[in-house]
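Letters A, B, ... mirror the listed sequences (proteins, then strands); counts begin at 1.
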Amino acid sequence: MRKRSFFGLSTPCFKYELATDASASPVAIPAPEQVTLYIKKPFKQASSTLKVGTPVQTGQRLVLNENDDVYAISSVTGTVCAMAPFLADYGNAWTAVTIKTEGNEVIDPEFSAAAEAPSLETLTRFLAAGPGEPDFAPLMDERNPVSTIIIYGGNADLLIDTSLYVLKNNIEAINAGIEVLRKATGIEEIVIAVPEESVQNYSGHLDARIQPFSSQYPYAQPLMILNSLTGRLPDETGMASLGIHFLRAESVAAIGKAFSTGCLTIEKNVTVIDKQGVKHMARAKIGTPVAALLKAFGVEVNDQDKIIFGGPMTGNAIYSEDLPLGPDTDAVMVQDKSIIPLYSDYPCINCGDCVRVCPANVPVNLLIRFLEAGQYAEGADLYDLYACIECGLCSYVCVSRIPIFQYIKLAKYELGRTLSAEEMNEQ
Amino acid sequence: MNSKKTLIVSHAPFWHDGSGIPERSYHTIIAALPAAIAGIAYYGAPALGVICMAMSTAILWELLLNRAMRRPITVGDGNAALIGLLLGMMLPASTPWWVVLVGTFLAIVIGMQIFGGIGANPFNPVVLAIAILMISYKGHLDFDAGLVNFSLDFPTTSEPLAALKAFGPAAVEHLHPLDLLMGRQVGGLGSANGLALVIGGIYLMIRGIIRWEVCVSFIVGTYITAMLFNMADPSRFADPVFHLLTGYTLFGAFFLATESTTSPVNFVPMLIYGTLGGVMTVLIRNIGIYVDGVIFAILLINLINPLVDKIRPKAIGKVA
Ligand code: SF4
Ligand code: SF4
């Protein structure tokens, strides 16, 4: 935890990790005894294709029922040993499939046949559960055509090395990925967003326009980049209308690698941040339990410590060491219980620190009064809720220690829910 | 598959800069102490008595109200102690104990708790309390009458602003700014020592606890308005430095106008707010009926705060 400086006039200033800081080659985490993968569909007792005891191969598509388009990619060879419902963030109901690793690794042949000719169907069918969890659906949406793909080479949060590490060390794979994307989607405009200090390492090597962004936090926040490119931010209908689609560098590298080798990438780079704040780079199979990952670096987790997926400003705290590394987990951070900051139920005292620190000019001090009262629509209409680019700085400096950022996320979530309920009524 | 370890789960961000309401209150108390101590040095035990009475009763009122309203006990955040201290510093050293008691009641209960406690008060509680005291107990708040039994080694034994109001600038011409700055003038027991107040104020500004925009513009507003009056008619209106160094001006600029709940947070509104406070102070002093305009000027700008704070930069990503 960083402390306020004696000179409280200057706003806190954080820098993203830069490519030059990225650590040496990652530590390979050995295949764990079992992995857990999520299929992002509610678990129904009778699954026609997956049951406890079903054998699976590395790289195999795991679906609950024939013809489902929601799947996971198995990262090991073995047998399914458990299937259970899983309640994810924001009330999403998923299915957790646990696979026990057995015998020699056998690669599932299905993808290599499909990898001959890149197409959006192949991407959607095989790569959407890969590293970075790319979402291909907007690329197929004809009502809101995408005109620009942004390959996101920065890390949305502090302390994380993952994305820049991948960008730095996988230039060939990324170039191959860009080519696949161009062929599959027909979109010419592909932009790579990287922190400005890292630009010189890439220009010329990559087959896309490089868009530098400031290396000062939070200017690499995806919404901030969107704003600097288009001058706009998405409202409650989401990013669809802006014609821009984000893909992480790691996804693009995985796409490139998959099509040039005929094998799906089943591993993920993660930055592990231990209690002292020391960073390690690891490479582990998707689905590896966090405990196995932390053990590899000798990080001890005790009662009442905190484990966070993602960085310190925007990550998600998890409740068990047994939860697996997801395809989009860029970092795992452990906080000792002695340094966990606590929130309070004090009201806003209007000190204005949040307003001064907010990069998006949100009148946080007024907004929070409405959000605390549950008046989300007023917050959105009058006090710029949707200008928030979700950096968390306001909560970081709040004197009253109000969980402002949580209220903002909640408000956006609730408004999104009301909106989709209205749409359903109209239909 | 569940391990037995209990992990703490909360929402991002997982860092905090360590600021908090108690820290803010205690730093403000520290910043106000030099002036309070200077006041105790001049006026002796009665001044100490007033300050102790004010701080303790303020805390007591808050405690009672917390209990009565069945809310969490909030005296630990130091806010009540701070309000008590500031209120005490504005009173004459001769204030009887019951006036102090009523004053802290007005500040804590009427000024703050009935609106919902810290952060909800529409007026600065200290200023509101002093304003009511000034109107209700005129005699006890009259510095000249109150301090008549003190043997003070000051260049003048009447309050400079009162003398100015009664007899014009000629009556205060002999007062040296340095004496005024050092607090060698009749006034509130902790609010007359300009030097100590400036030191405390600068400390708070550097720490980012008060908004420098508000106090600087308050001082500039006072200075320029007083200067314009003085230029127009030096025989009726005192010079700007005199206005700055007397009465509650510096105390108001550093400790009252800057109260966070009742002042704006955006840059331009802060300047408007502070300047208006300064202008009103001098207007009331020079052409109003009150001796010191700071109190009513601050109440007035508290009132316009929500209005001026509407002037704010456009949020990003907005079309049109
Ligand atoms: S409102 Fe808070 S989280 Fe949103 S952009 Fe401003 S500082 Fe960041
Ligand atoms: S930082 Fe917290 S207490 Fe200060 S104005 Fe913002 S919300 Fe209010």
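When all heavy atoms of Ile316(B) and Pro359(A) are compared, the closest pair comes out as CG2-O, 4.1 Å. Shortest non-hydrogen contact noted between Arg24(B) and Val399(A) is CD-CG1, 3.4 Å. Contact record, Ile349(A) with Ser260(B): O-OG, 2.7 Å, taken as the closest heavy-atom pair. Taking both residues in full, the closest heavy atoms of Pro347(A) and Ile118(B) are given as CG-O, 3.2 Å, listed atom of the first, atom of the second, then distance. Nearest approach of Asp309(B) to Asn365(A), heavy atoms of both residues: OD2-ND2, 4.3 Å. Closest approach of Asn350(A) to Ser263(B), counting heavy atoms only: ND2-O, 3.1 Å.
Among Cys351(A), Ser395(A), Cys394(A), the residue making the largest number of heavy-atom pairs under 4.5 Å with chain B is Cys351(A). With respect to chain B, the highest number of heavy-atom pairs below 4.5 Å among Cys388(A), Ala291(A), Gly310(A), Cys398(A) belongs to Cys398(A). Note on Gly392(A), Ala387(A), Ala317(A), Pro312(A): by heavy-atom pairs under 4.5 Å with chain B, the leading option is Pro312(A). Interface remark: of the candidates Val301(A), Val362(A), Leu366(A), Val301(A) forms the most heavy-atom pairs closer than 4.5 Å to chain B. Of the residues considered (Leu226(A), Val397(A), Val355(A), Thr314(A)), Val397(A) shows the highest number of contacts with chain B, using heavy-atom pairs under 4.5 Å. Looking only at heavy-atom pairs under 4.5 Å with chain B, the residue among Gly352(A), Pro363(A), Cys348(A) that has the most is Pro363(A).
Side-chain atoms of Arg401(A) come within 3.5 Å of backbone N or O of Ser19(B) as a donor-acceptor pair. Between the side chain of Asn361(A) and the backbone N or O of Lys314(B), at least one donor-acceptor pair lies under 3.5 Å.
For Asn302(A), the part lying under 4.5 angstrom from a heavy atom of chain B is the backbone only. Residue Arg207(B) touches chain A through both its backbone and its side chain, counting heavy-atom pairs closer than 4.5 Å. Neither the backbone nor the side chain of Lys337(A) comes within contact range of chain B; no heavy atoms are under 4.5 Å apart. Only the backbone of Leu382(A) comes within contact range of chain B, with heavy atoms under 4.5 Å apart. Heavy atoms of Asn266(B) lying under 4.5 Å from chain A belong exclusively to its side chain.
Side-chain atoms of Tyr346(A) and Thr74(B), non-hydrogen and from C-beta on, do get closer than 4.5 Å to each other. Put simply, the side chain of Trp15(B) reaches to within 4.5 Å of the side chain of Leu158(A), judged on heavy atoms. Counting heavy atoms from C-beta outward, Pro13(B) and Phe405(A) have side chains that approach closer than 4.5 Å. Tyr407(A) is not listed as a side-chain neighbour of His11(B), based on a closest heavy-atom distance of 4.5 Å or more. With contacts defined as side-chain heavy-atom distances shorter than 4.5 Å, the pair Phe14(B)/Tyr396(A) does not qualify.
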Side-chain donor-acceptor pairs under 3.5 Å in residues 82-89 of chain B, sequence neighbours left out?
none

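Taking the charged nitrogens against the carboxylate oxygens, Asp384(A) and Arg312(B) do have a contact shorter than 4.0 Å, which makes a salt bridge.
By the 6.0 Å contact criterion, NZ on Lys412(A) is enclosed, its count of non-hydrogen atoms from other residues, nucleotides or ligands being greater than 12. Crowding of Glu33(A) atom CD: a count of heavy atoms from other residues, nucleotides or ligands under 6.0 Å not exceeding 12.
Annotation: the span from Thr6(B) atom OG1 to Gln304(A) atom CD amounts to 6.5 Å, rounded to 0.5 Å. How far CD1 of Ile21(B) is from OG of Ser400(A): 3.5 Å, rounded to the nearest 0.5 Å.
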